[in-house]
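Just so it is clear, the values below take in all heavy atoms, side chains as well, and ignore hydrogens, waters and symmetry mates. Both ligands and their constituent atoms are indexed starting at 1 by order of listing.
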Amino acid sequence: MLAIGGDHAATHYKECIKSHLDARKIEYVDFGTNETASCDYPDFALKVAEAVASGKCEKGILICGTGIGMSIAANKVKGIRCAHCTDTFSAKACREHNDANVLALGERITGMGTALDIVDVFVDTPFSNDERHIRRIEKMSAIEDRYFK
Ligand code: RB5
C-alpha cells in the first residue's frame, strides 16, 4: 500500500499519478489535498510520512511545486528517508542505496512523462541489501537517535 499526498501546486500531478497507479493495480491511500486552494505542504507531508513511519503504508509519494518543501518536511519524521528525485537514475539509486521510503516530486520542475517513469522506478526497485548500504543507513538512524527527541 502506498501513501500519496500533495499541496495545491500538485493536484494535477497527484491525479495523474493515481490514474497511473490504478492502471498498474497498485493500491494507495490519498491523504490530500484535493483542493486547489492554497494550503501548507508540511500538513500533507506529515500525514504521508506518519503513514509510512507507522508501517500503515509501505512507501509514500509526495508532490509539491518543487518537491523540495515536501522532502524537507517528510524527513523531519523519524524513520523517513525521503528522496527528492528529478530523474530515474536518482530514483533507482535512492531505492538501491538509501532504501528511500518516500519519493518527492515537483510538478513545476519535472515533466509528467519523466515523473511517471520516476514513480515506476521508485515503486519497482528493491533495496540492494548490500552490507555497505545497510551500514550507512544504520549511521543515519544513529543520527536520528541522537537528535530526535
Ligand atoms: C507553493 O507555492 C510551493 O511553495 C510549494 O508547492 C513547494 O514548492 C514548496 O517547496
Side-chain angles (χ1 to χ4, degrees), residues 1-24 26-127 133 136-137 139-149:
M1 181 70 70
L2 295 181
I4 188 166
D7 70 0
H8 57 283
T11 50
H12 174 60
Y13 264 34
K14 184 156 69 63
E15 290 312 304
C16 293
I17 291 169
K18 283 166 58 183
S19 297
H20 184 72
L21 295 173
D22 288 340
R24 290 198 52 187
I26 295 171
E27 294 187 320
Y28 55 82
V29 182
D30 182 354
F31 286 92
T33 183
N34 293 308
E35 312 290 332
T36 52
S38 183
C39 62
D40 298 336
Y41 59 82
D43 297 338
F44 301 94
L46 180 61
K47 289 173 197 273
V48 167
E50 285 183 335
V52 174
S54 69
K56 287 180 186 149
C57 292
E58 184 193 345
K59 290 178 189 162
I61 298 172
L62 285 165
I63 321 138
C64 62
T66 59
I68 295 170
M70 284 295 194
S71 60
I72 293 171
N75 280 317
K76 301 296 183 195
V77 175
K78 188 176 166 70
I80 293 302
R81 292 178 299 279
C82 179
H84 175 221
C85 293
T86 58
D87 63 275
T88 53
F89 183 92
S90 299
K92 187 164 181 277
C94 83
R95 289 291 308 131
E96 289 179 340
H97 292 213
N98 315 115
D99 198 14
N101 49 16
V102 179
L103 168 68
L105 294 166
E107 176 164 339
R108 295 172 181 161
I109 304 295
T110 305
M112 174 53 69
T114 301
L116 295 181
D117 285 350
I118 290 169
V119 166
D120 283 340
V121 171
F122 178 75
V123 167
D124 294 337
T125 304
F127 176 52
H133 295 313
R136 291 161 189 166
I137 291 166
K139 287 189 176 185
M140 291 194 285
S141 297
I143 294 171
E144 284 183 339
D145 290 341
R146 181 164 172 179
Y147 285 100
F148 281 43
K149 297 282 181 217

Specify whether the nearest protein heavy atom to atom 2 (O) of ligand 1 is under 4.0 angstrom away.
yes
For ligand 1, the portion of Asp7 having any non-hydrogen atom under 4.0 Å away:
side chain
Distance-only N or O hit between ligand 1 and Gly69, under 3.5 Å:
yes
So is Gly65 polar-close to ligand 1, meaning N/O to N/O under 3.5 Å?
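Looking only at distances, the answer is yes, because the N/O contact criterion of under 3.5 Å is met.
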Of all the heavy atoms in Glu107, does at least one lie under 4.0 Å from an atom in ligand 1?
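The answer is no, since Glu107 has no heavy atom less than 4.0 Å from ligand 1.
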Atoms in ligand 1 with a heavy atom of His8 nearer than 4.0 Å
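Numbered from 1, ligand 1 contributes 1 (C), 2 (O).
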Taking only heavy atoms of Ala9 into account, list the atoms of ligand 1 that are under 4.0 Å away from them.
6 (O)
Identify, for [atom], the protein heavy atom at the shortest distance, and state residue, atom and that distance.
atom	result
atom 8 (O) of ligand 1	Thr66 N, 3.0 Å
atom 7 (C) of ligand 1	Cys64 SG, 3.4 Å
atom 4 (O) of ligand 1	Tyr41 CE2, 4.5 Å

With rounding to the nearest 0.5 Å, note down the distance linking CD in Glu107 to OH in Tyr13.
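Atom-to-atom, Glu107:CD and Tyr13:OH are 6.0 Å apart.
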Okay, side chain of Ser54, backbone of Ala51: is any donor-acceptor separation there less than 3.5 Å?
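The answer is yes, because a donor-acceptor pair under 3.5 Å joins these two groups.
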Can you confirm whether Phe127 sits close enough to Glu96 that some side-chain heavy atom of one is under 4.5 Å from a side-chain heavy atom of the other?
no
Are Glu15 and Asp30 close enough that some pair of their side-chain heavy atoms sits under 4.5 Å apart?
yes
Among Asp7, Ile61, Leu62, Ile4, side chain to side chain contact (heavy atoms under 4.5 Å, CB included) partner for Lys14
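Going through Asp7, Ile61, Leu62, Ile4 one by one, the side chain to side chain contact (heavy atoms under 4.5 Å, CB included) with Lys14 is satisfied by Ile4 alone.
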More than 12 heavy atoms of other residues, nucleotides or ligands under 6.0 Å from CZ of Phe148: is that the case?
yes
For residues 69-85, which side-chain donor-acceptor pairs fall under 3.5 Å, sequence neighbours excluded?
from, atom 1, to, atom 2, distance (Å)
Ser71, OG, Gly67, O, 3.1
Ser71, OG, Ile68, O, 2.8
Asn75, OD1, Cys82, N, 2.8
Asn75, ND2, Ser71, O, 3.0
Asn75, ND2, Cys82, O, 3.1
Lys78, NZ, Asp145, OD1, 2.5
Arg81, NE, Asn98, O, 3.0
Arg81, NE, Asp99, O, 3.0
Arg81, NH2, Asp99, O, 3.0
Arg81, NH2, Asp99, OD2, 3.4
His84, NE2, Thr66, O, 2.7

